[in-house]
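This chain uses plain numbering: 1 for the first residue, then up along the sequence. Since we're looking at a predicted model, the values are computed, not measured.
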Amino acid sequence: HRLPPSSMALALEKMQDQRQLLEFEASTALHAVASQFHLTLQQLVSRWQRVAVCEVNGNWAMKGPMYSGIGFSNATWVQYGGARFAPTAGDATPLQQIDIGMRITKTWIPDQYGCSAFGW
């Protein structure tokens, strides 16, 4: 069963609006956390980017045993509310993954320079 072209366009527009809303929510949450640390959002993202490089060589779309750019399993992603953004972390944006990462760590940013074989 196919939707008429106009219905398809409306459905796609609604999906895009929902994605933008979810990205805005993640961005807003991270702005608040960044300000607690006297950081800009970009500085916070930069620190998590180093975590991503350490964990999965910076691949935010990582799929496999770890499903994200910052190296947590899909079960952890779901447990901390990530399924709101995407079915797996690797399908979410970096900001959405960082938002969930900050929930997991209770706003602690893992060591970005001392990559551990055991992860963070």
Side-chain angles (χ1 to χ4, degrees):
H1 163 267
R2 295 190 97 123
L3 294 173
S6 61
S7 296
M8 178 70 89
L10 288 173
L12 290 172
E13 185 176 322
K14 185 176 180 178
M15 286 173 46
Q16 181 61 30
D17 288 348
Q18 182 65 19
R19 280 193 283 261
Q20 288 174 346
L21 177 61
L22 291 171
E23 186 70 354
F24 177 76
E25 289 177 14
S27 176
T28 301
L30 291 175
H31 269 289
V33 171
S35 69
Q36 291 175 359
F37 292 105
H38 305 288
L39 298 171
T40 66
L41 177 60
Q42 185 54 42
Q43 289 169 322
L44 179 71
V45 169
S46 178
R47 291 178 183 197
W48 279 96
Q49 177 62 37
R50 289 191 295 265
V51 173
V53 168
C54 182
E55 291 289 331
V56 293
N57 203 29
N59 180 4
W60 288 96
M62 177 72 178
K63 305 254 172 76
M66 295 297 154
Y67 292 88
S68 75
I70 49 181
F72 43 79
S73 71
N74 197 45
T76 302
W77 172 254
V78 171
Q79 178 183 352
Y80 283 86
R84 172 172 170 67
F85 297 122
T88 68
D91 293 320
T93 68
L95 285 183
Q96 293 165 349
Q97 291 180 45
I98 293 167
D99 183 21
I100 298 302
M102 295 297 283
R103 292 179 199 187
I104 292 168
T105 66
K106 297 181 175 61
T107 72
W108 168 73
I109 303 169
D111 180 14
Q112 306 97 52
Y113 299 102
C115 294
S116 166
F118 305 105
W120 49 275

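Here the rule is side chain to side chain contact (heavy atoms under 4.5 Å, CB included) with F85, and of D91, D99, T93 only D99 fits it.
Of all heavy-atom pairs spanning T88 and N74, the tightest one is CA-OD1, 3.1 Å. Nearest heavy atoms, V56 versus G69: CG2-O, 3.3 Å. Taking each heavy atom of R84 and L22 in turn, the nearest pair found is O-CD1, 3.5 Å. When all heavy atoms of L95 and S27 are compared, the pair lying nearest together is CD1-CB, 4.1 Å. Minimum heavy-atom separation, G81 to I100: C-CD1, 3.9 Å. In this structure, Q43 and H38 approach most closely via the heavy-atom pair OE1-O, 4.3 Å.
For the atom pair Q49 CD and Q42 CD, the distance stands at 9.5 Å (nearest 0.5 Å). Summarising the geometry, atom CG belonging to L44 is positioned 5.0 Å from atom CE belonging to M102; distances are rounded to the nearest 0.5 Å.
In this structure, S35 and H31 have side chains that are not in contact, with every pair of non-hydrogen atoms separated by 4.5 Å or more. When side chains are defined from C-beta on, I70 does not count as touching M62, because their heavy atoms never get closer than 4.5 Å.
For the residue pair Q97 and W77, no side-chain donor N or O sits within less than 3.5 Å of a side-chain acceptor on the partner.
Of the possible polar contacts, one joining the S68 side chain to the F72 backbone as a donor-acceptor pair under 3.5 Å is found.
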side-chain contact (heavy atoms from CB on, under 4.5 Å) assessment of E25 paired with T28: CA-CA 5 Å; E25 289 177 14; T28 301; 5.8 Å; no

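The number of heavy-atom neighbours closer than 6.0 Å to CZ of F24, taken from other residues, nucleotides and ligands shown, is 12 or below.
Connection of W48 to Y80 is established within a shared hydrophobic cluster, with ILVMFWY side chains joined at heavy-atom distances below 4.5 Å, either directly or through further cluster members.
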